[in-house]
Amino acid sequence: MDSISYYLQTILNGILAGCIYALFAMGLTLIYGVLNFVNFAHGELIMWGAYFLFLFMAEPFGLPLYVAIIPALALTGCLGLAMDYSVFRPIRRANRLTLLIAAMGLSVLLRNAAQFFWGAEVRTYGFEVIAGTQFLGLYLTTTQFAIIAVTLICVVAVYLLFFKSRLGKSMRALSDNLDLARISGIDTKRSILAAWVISAVLAGIGGILLALDTNLHPEMGIANLIKAFAATLIGGVGNLWGALLGGLLIGLAENIGVLFISPGYKDGIAFVIMVLILLARPYVILGERSD
Amino acid sequence: MDLLLHLCVIIAIYAIFALSLNVEVGYTGLFNFGHVAFFAVGAYTSALLTLSGVPFVWSLPAALTMAGLCGFLLSIPALKLQGDYFGIATLGFGEILRMIFNNEVWLTKGPMGLPGIPRPEFFGFVFDTLPRYLALSAGFALLTFAILAFVVLSPFGRALKAVRDDETAAEILGKNAYRFKIKSFVIGSVFAGLAGVLWAHYATFIGPGDFTLTETILVLLIVVMGGKGTFPGPVVGAVALIFFQESVRFLRLPPEWTRLLGPLQQMIFGLLLVVLMVFRPEGIIREKGGER
Amino acid sequence: MKKLAVLVAVVAIFAFLAVPAVRAAEPIKIGAAFALSGSIAVYGEGFKKCIDLAVEEINAKGGIKGRKIEIVYEDNKSNPKDCVTAVRKLITVDKVPVIFGPAGSSNFMATAPVAQENKVVLLSAQGAAVGLTKAGDYIFRVFPSDTLQGPHLAKLAIGMGYKKVPVMYVNNDWGLGLKNAFVDAYKKMGGTVTDIIAYDEKKTDYRTELLRASKGNPPAIVNLTYINEGAVQFKQAFEMGIKTQWLCGSAARAPKMVELAGKAAEGVIGTYPSVPQNTKQYQAFKDAYKKKYGDDKIPIFGDYNYDMVYVTAKAIEKGGYTADGIRKALPAAAKGYKGVTGDKTFDNERSPKFAEYGIWIVKDGKIEDYKK
């Protein structure tokens, strides 16, 4: 690789990673915004999305990729709803620590459940590996192209939903003030349900794309969750654009950063950035929620 | 039976670890998710020193100081952040510290870890047998319990609770919340370091893989299940959980099933945490006058 | 269905808090602290298969002096701390005098002091790190130390004409040790190491490291990697259009790696402590494995584990079923013993004295020996 394409490829890798982080972060920030708590189990939605697809593509279903995605995402959405119904709804009013710990517990439960069923080793969807197509000196595989395309589609879809629909308006109202929204007659139940479904589906899509790009294993959710947090916090809680930007920022920072520092610290870059930004503006971030 | 002694040592160590976290989470309301980092600092400091020939009598206080110092340094910027952000920042710190231990091979031998850590020696008396080590850890556990009980029952402790419950009100009453939080954090870090020291000299081998998020979640579960904000709570939690975790090993299942046992056990932990939070977030031992 | 049964059974059994069962003195129990769950469970499961095969064979021939061998498996959950607990349990509750130790040098080295302290024999069939047996005279291994592999890999690189290579390695005990051994030897032979890149295990994305390694289009890259990591790396390199000769160590030499990487693994070459597979003995082992398990893909290090059982059985037979007896009898039992993995004679450090290193290559989706 000559110098220019070396750096360009790095940036491309950063964008790809960033897109995936953005998808994760958007789902996370949605729940954080609407329900005001950090869903630590979000990583497991990511991971289960990918594993559901695996389930439907394997025997006894044996569905092809494009067909299997539908039940996979549907089940992921259901999982999100189930999480809310069984765990988070009963403790909706509890203090933050309780919610966080409950989410952590859920995360441990789901992560190990996946390991219980599928084992701890890395699994693959079993597609033939294909060389990427050359493109201005850079290499891009079909999956990677899909990552960028799907992320764009999701962003547009989410934008339309959030800012151009009534449901979106309700969700934004909830995001601002849950109690006030309730009193105002907004159908909070429906909005909360919608938030979970969207959050879970975004996670599932992200998980599937990630797994297509890099294979499945039970830790894939939590490994990326932490970066999704960082992206969410950088972008501002409840702020979807912020999540997108945060994700891209982290993806780029990670990939460019390792040109200068040891790759062993790559995962730490996200944190450092997050902490620095949080410290610089501790109370107001990108104009949204202040705690 | 030897295994019982082994269990008690582990319980003692985790009791100290949990009591230290309780000061931060239970009493001061700080969501410290990186607590394992200070456990690690204590362990590594004492291990590295004793491996270079420094006697335990010196490595112990050195380790405690390092742990406390790290706690202090971290708390200054971190405590400027609120609630969840603080939690995630501490989580991040824990992970970064683990990365440092993993990458700086020249210092910590990285992923190869430090084997052959010597047993503690106090002026010729070596704690090399299991009963002796149990006496050592149990002794430290009791000491920790006493010291921390003293701390939390004191006016300082009550101030911590005030800060936890309503920071604004506490400030109005003249308590500098920020200072209190720092003090609480440092105390917690020092004792976490103590637990780490005891661990290192017991296991005789430590590596970065021993100090992961899973550890933090385990100790969090102990504190929360035992009853945070109380002081017998963490000890009860430690006894219950470590006992459960280890007693599962007693089960005689056919080998094909043991592969499933690991994740199953973790699933039970996770489920336990969830159920606890939904039905009894105060834990086994309830705090007097505490909130839900 | 089986999983459901497990769940129900465990819950039911736990309610009674099982007491360690009283065992008849008859069977010869050997402990095994393996990774049966967790990230390196793939290794533990493989070892178990080969060990069970060996045990079955020995028992079929009457066991040891009429007593059947029974392996008590403890799951070490793929981390050092649980390895220590597993070994302790085997020592204190099951009271076994000899234990087959865990995979992963740092896991093994965590348990070695415990075994040594309690005077229980501990064996490794796959630990390659230098100094593995340092903890004491109760610690043995039937797998050669990596100090021997480094020079072979260096020789391979130089021999193939690669005078300048970047080195990537997995940042853990095994990778670090082998990297050092390789770099030392390679430099001595006149090679230049252009870059050294350490990477973490268990990641799913290595594109950054790969990109860095491929800077300047090196004709060969030395990559000391594991199964999963290697598979991901080769795949991603392939997708990124990186064309280079991959030179690896022994840990990636597994059918699973090829399965995961697909055609991206084609042409990957590496060294490994070689075991001539065309001997009658090895073939017999392979056939027996195939008969029992249905395929002849011997799991990585499985053959070493197989030999470990036989050597241990021989030692028990000669020295008696006590830790001290086994310890004393092992060198004699191993001396000149030609297992499926070759001569198992120990050196002064209780590691195999003899090790041949061969070269493997992935060709047409299969791992074969490389003939220049």
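Everything quoted here is computed from the prediction, not taken from an experiment. Below, all heavy atoms of this structure are taken into account, side chains as well, without hydrogens, waters or symmetry copies. Every chain is numbered from 1 and lettered A, B, ... according to where its sequence line falls, protein lines coming before strand lines.
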Atom group of A/Tyr265 that falls short of 4.5 Å from chain B, counting heavy atoms: both
Partner chain B: residue of A/Val38, A/Leu100, A/Val272 with the largest heavy-atom pair count (under 4.5 Å): A/Leu100
Interatomic spacing from CG in A/Asn112 to CG in B/Leu271 - rounded to 0.5 Å: 11.5 Å
Atom of B/Val278, atom of A/Pro90 and distance for their closest heavy-atom approach: CG1-CB, 4.0 Å
Residues which pass salt bridge (charged side-chain N to carboxylate O under 4.0 Å, His left out) with B/Lys183, listed by chain and number, not counting sequence neighbours: none
Region of B/Phe33 in contact with chain A, defined by heavy-atom distances below 4.5 Å: side chain
Nearest-0.5 Å distance, CD1 of residue B/Ile96 to CD1 of residue A/Ile269: 10.0 Å
Interface moiety of A/Ile101 toward chain B, non-hydrogen atoms closer than 4.5 Å: both
Selection from B/Gly87, B/Pro77, B/Gly92 maximising heavy-atom pairs under 4.5 Å formed with chain A: B/Gly92
Nearest-0.5 Å distance that lies between atom CZ in B/Arg98 and atom CG in A/Asp267: 8.5 Å
Inter-chain contacts: residues 252-261 of chain A against chain B, heavy atoms under 4.5 Å: none
Structural part of B/Ile88 lying under 4.5 Å from a heavy atom of chain A: both
Closest non-hydrogen atom pair, A/Phe116 against B/Pro263: N-CB, 4.0 Å
Side chain / backbone / both / neither for A/Ile226 at chain B, heavy atoms under 4.5 Å: side chain
Flag if over 12 foreign heavy atoms under 6.0 Å of CZ, A/Arg92: yes
Interface moiety of B/Leu220 toward chain A, non-hydrogen atoms closer than 4.5 Å: side chain
More than 12 heavy atoms of other groups within 6.0 Å of B/Met66 CE: no
Proximity breakdown for A/Phe88 and chain B, heavy-atom pairs closer than 4.5 Å: neither
Pairwise distance CD(A/Gln115) to CE(B/Met267) - rounded to 0.5 angstrom: 10.5 Å
Which of B/Asn103, B/Leu273, B/Val274 touches chain A most, by non-hydrogen pairs under 4.5 Å: B/Asn103
Proximal component of B/Leu213, with respect to chain A [non-hydrogen, under 4.5 Å]: side chain
A/Leu99 versus chain B, the contacting section by heavy-atom distance below 4.5 Å: neither
Interchain contact, B/Gln266 with chain A, by part (heavy-atom threshold 4.5 Å): both
